[in-house]
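Here is the structure we will look at, set down as structure tokens.
Owing to the predicted nature of the structure, the values given are computational and were not obtained by experimental measurement. Numbered from 1 within each chain, the chains take letters A, B, ... in sequence-line order. The figures here come from the full heavy-atom set of this structure, side chains too, leaving out hydrogens, waters and symmetry mates.
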Amino acid sequence: MIDGLESGGVDEHGEPVDEKPVISIYKDDEFVDLCRGPHVESTGKINPQAIKLMSVAGAYWRGDENKPMLQRIYGTAWLSPKDLKAYLWRLEEAKKRDHRKLGRELDLFSVNDEVGAGLVLWHPRGSMIRHLAERFWEDEHLKNGYDFVYTPHIGKAQLWETSGHLGFYAENMYSPIEIEGQQYYLKPMNCPFHIEIYKSGLRSYRDLPMRFAEKGTVYRYERSGVMHGLMRVRGFTQDDAHHFCAPRQMPDEIDFVLSFSLHILRSFGFNEIEAYLSTRPEKSVGEPEQWHAAEIALEESLKRSGLPYQIDEGGGAFYGPKIDLKIKDALGREWQLSTIQFDFNLPERFDMTYIDENGEACRPYMIHRALMGSIERFFGILIEHYGGAFPIWLSPVQIKIIPIADRHQDFAFQVARELKEAGLRAEVDDRSDRMNAKIRDAEKQKVPFMLVVGDREMEEGAVDIRRRSGERLGSMPVAEFKALALKDVAEKVEG
RNA sequence: GCCGAUGUAGCUCAAUGGUAGAGCAAUCGCCUUGUAAGUGAUAGGUUAUGGGUUCGAUUCCCAUCAUCGGCUCCA
């Protein structure tokens, strides 16, 4: 076999192969392993107190799903038992923050067998967080030159033929729906609709850039076995937008969309951001000069942003180069959120035009972008990043008012009314439980402020404040607390 | 889709070839409470679904669905 590999004609099964492989062998005492490595020099270097077998799972031979599957045993090895313990502790921490667990405990969302795999039900509390995130998103878009659009969930087969999705993306799309002899498809993307809106009128260079934004819900076929809580689902909403601009506007447009993305991500508490620039792959559409100009523009913009970035040579989509933004969450795990993609393909396919200064029809440039990416996934990441203890501006319940005895309830509701009128989300825990139990419950629900009201507070028109951290702020007048809470909300205070 | 595991009350989990139990949650009382669980009672399950073996299946077998850990793919 090795002879076959060495001479470059056949692989390990005697099947012909094109390239000559590099063969490496690792040897430890009597054990000889044909492996790419690296291996430890000697098993004596492994501390038996610092290893642990973790799990067993199947893995494809050479990572190819068409090849047979092998049993793989996963283990982890560390320099010292202490390091192993630290690693296991981190795994435990991650488990505690698991958005699927917190989603249930905090009553945020569910995925239900009756409805279907990969289809999310947003419960009232989760929906409140989504509403707040979306409201912020909307305000920022309106301040920054976007127009909102709404588009349908299905479109005719011809539309997806024109866009190329039926050619290139069909395996991710669901079977068509037949309506009066015509085939319609559930949308896997929003772009064709936005393009049709662009094309609904004659566009002048004076109209550009145009920015159409929509929180568009799309449906993509995911193979069973890949769904994962909110992170990987079959129906999700993208915070999508398409920019249409004249070629010479491109650099400014990229600068804008990049800094706008960073502004949005940072507002949600993601401060560790890294960028990936993906360039032209072998198979691509569009002129090489166009690609080159776009890649230069993207890279220049990255340089100006000061973000650390890496280049993924040839990693772009066939229709254009892109910048992906990845964030690190509180546990240091990396997640891809934003994507900013150039598109040389769709303007051509849809024959999009604008009239330039000379009265001639020209082809606009098009940029796709999603900042949160999928709102479902973004929510999942947000839950894990904060371990369910959302910053106060996003907390579904910001304030829990805890009357000590029944006679304090009227006062508690009066305080709640006053806070609600100021736009704060306050609730009274009027169950007949002991105060300690109510505090425990509010802590578990990760409510930012607990206000205890008893005889003393009633007399003074005050509230006794406890943060979810356990910190006691003591007693203060309601008006004073109101100002404090509003300030925390406005400043997007965490913790 | 593939490999492996799992599926019992709202949640976390027991038990059994002779139709199931606990804690928490829930509901109804009692208590009226000072910074993370007061107390009593009640209710809650065709044991995921469909077949098969068996006198009898929730338990054994098969299929389907879903979930979990991976692989492949991906927002």
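- Ion pairing between A/Asp324 and A/Lys326 fails under the 4.0 Å rule for side-chain N and carboxylate O.
- Sorted by first and then second residue, the pairs that involve residues 439-484 of chain A and meet ring pair (Phe, Tyr, Trp, His ring centres under 6.0 Å), not counting sequence neighbours, are A/Phe449-A/Phe481.
- Geometrically, A/Arg369 does not engage A/Phe260 in a cation-pi contact, judged by NZ or CZ lying under 6.0 Å from the ring centre and within 45° of the ring axis.
- Tested against A/Glu384, the residues A/Lys328, A/Arg333, A/Arg97 include a single salt bridge (Lys or Arg N to Asp or Glu O under 4.0 Å) partner, A/Arg333.
- A centroid separation of less than 6.0 Å is found between the aromatic rings of A/Trp122 and A/Phe379.
- Using a 4.0 Å heavy-atom distance criterion, A/Asp455 is classed as a base contact.
- On the P atoms, B/rG23 is 23 Å away from B/rU19, given to the nearest whole Å.
- Across all strands, A/Asp433 comes closer than 4.0 Å to base atoms (heavy-atom distances).
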(message) Output one letter per nucleotide in nucleotides 44-50 of chain B: B when a protein non-hydrogen atom lies under 4.0 Å from the base, S when only the sugar-phosphate is that close, - when neither is.
(response) -------
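- In this structure, A/Phe268 has its ring center under 6.0 Å from that of A/Phe378.
- Salt bridge annotation for A/Asp488-A/Arg467: present, with a cationic side-chain nitrogen under 4.0 angstrom from a carboxylate oxygen.
- To the nearest whole angstrom, the two C1' atoms, one in B/rU16 and one in B/rU32, are 46 Å apart.
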(request) Kindly express the pairing pattern of RNA chain B in dot-bracket notation, using | wherever a base pairs with another strand and counting only Watson-Crick or G-U pairs under 3.5 Å. (result) (((((((..((((....[..)))).(((((.......))))).....(((((..]....))))))))))))....
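- For the C1' atoms, the distance from B/rU6 to B/rU58 is 16 Å, rounded to whole Å.
- Here A/Glu427 pairs with A/Arg125 in a salt bridge; the nearest charged N to carboxylate O distance falls below 4.0 Å.
- Within 4.0 Å of A/Glu114, counting heavy atoms only, lies no atom of the nucleic acid at all.
- Residue-level contact check: A/Ser432 touches the bases, meaning some heavy atom is under 4.0 Å from a base atom.
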